[in-house]
Q: 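Sharing a structure below in structure tokens format, with a few things to ask.
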Amino acid sequence: MAKVLVVTSGKGGVGKTTSTAALGAALALSGQTVCVVDFDVGLRNLDLVMGAERRVVFDLINVVQGDAKLSQALIRDKRCEHLSLLAASQTRDKDALSSEGVARVIEELREKFDWIICDSPAGIERGATLAMRHADMAVVVTNPEVSSVRDSDRIIGLLDSKTMRAERGERMDKFLLLTRYDPARAERGEMLKVDDVLEILSIPLLGIVPESQAVLSASNLGSPVTIANPDSAPARAYLDAALRLMGIDVPITVPTDKRSLFGALFGRRVA
Amino acid sequence: MNLLNMFARRTSAPQARERLQILLSHERASTGGQPDLLAKLREEILEVISRHVTVDQDKVMVKLDRGDAVSMLEVDIEIPNRSELRKVAAG
């Protein structure tokens, strides 16, 4: 049974695209077939983060409008055979995405892949609502910072009202992915703690991705951090999060690059 | 002073948490069920008053303070008195 997952946040710059690429690669590395889909029409970046920017011939809009077949637009990752990318259009307007067209493409993707991961644009406009529309589950990417938490709360409300699942009265699973977390600053009271954010947003925790230089290095190279540097702290957080998405119960930790005691001290189970 | 600064820095995260909890409890209420009650109140109060006196829109101050338990809507309307009105009519 294919799963459609939307990676969303409301606020920009919190790590949606990084997380889409890292989770997609992590799932693919464990043998699942995965397609990551960029819904950020006009400002596409998933291709760049995945290192496929020079291989984009057709994009999501071409497929939605019937100008290209899905198989022509899918870009197979060179490092990981189970991973494919469907890029967004850089030149067209988001209005070119018709609701019916997106529904048809998602259905077609469901037949080919185990996981379809939709990278949502920031905001709550059409692009964001279309990205979440057909999702079975959502990963809400949040930074431990007031504006990001507020926007996540808004997005959770939309997930519970504007998705197909919500409209059919079915359950919409939502998970919190806390990114750019700095356990030392949180401990000093300079940053919202994991429990603060969990209490405010009250959705189960999927993982805690610590602030790390490895993320920027990976995007510089055009590779998901889980492939570029799988031993780094953020990669380990994403690899564990991917296991949890597959229903495997892994205790939640805050991985660190320095391999200190922190990871062990912050042990916690998924809600 | 140094000690105070250190203390202030230490309390920033609890403040963020508290501000968010208050803000979100309001936003959830207003986007979920009823439309913004305070906006509606403001509109209707002004409507009733302008039915009886001419109110200069620039002389209306509306302040809102959203608190944890209660919110305060303060509507401050300047109503010209008779002598002032006469002056305006004469001038």
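Lettering follows sequence order; numbering is per chain, from 1. Bear in mind that the values here come from a model prediction, so they are computed numbers and not experimental data. Atoms considered below: every heavy atom in the structure, side chains included; atoms not considered: hydrogens, waters and symmetry mates.
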Q: With a 4.5 Å cut-off on heavy-atom pairs, point out which of M191(A), K193(A), E199(A) contacts chain B the most.
A: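 So the answer, after comparing M191(A), K193(A), E199(A), is E199(A).
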Q: Considering all heavy atoms of both residues, which atom of L23(B) and which atom of R150(A) are nearest to each other, and what is their separation?
A: CD2-NE, 3.2 Å
Q: Is the number of heavy atoms from other residues, nucleotides or ligands within 6.0 Å of CZ (R171(A)) greater than 12?
A: no
Q: Do you know which two heavy atoms are closest between G189(A) and S12(B), and how far apart they sit?
A: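 So the minimum-distance heavy-atom pair works out to O-OG, 3.6 Å.
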Q: Please indicate whether K3(A) has more than 12 foreign heavy atoms, meaning atoms of other residues, nucleotides or ligands, lying under 6.0 Å from its NZ.
A: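 No, because the 6.0 Å sphere around NZ of K3(A) holds 12 heavy atoms or fewer from other groups.
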Q: Might you point out which heavy atoms bring Q21(B) and I200(A) nearest each other, and give the distance in Å?
A: CG-CG1, 3.8 Å
Q: Less than 4.5 Å to any heavy atom of chain B: does that hold for the side chain of D196(A), its backbone, both, or neither?
A: both
Q: What heavy-atom pair brings V146(A) and L20(B) nearest, and what distance separates the two atoms?
A: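 Heavy atoms of V146(A) and L20(B) come nearest at O-CD2, 3.5 Å.
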Q: Closest heavy-atom contact between L192(A) and A13(B)?
A: CD2-O, 3.7 Å
Q: Taking atom CZ of R44(A) as the centre, does the number of heavy atoms from other residues, nucleotides or ligands within less than 6.0 Å exceed 12?
A: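 Correct, the count exceeds 12.
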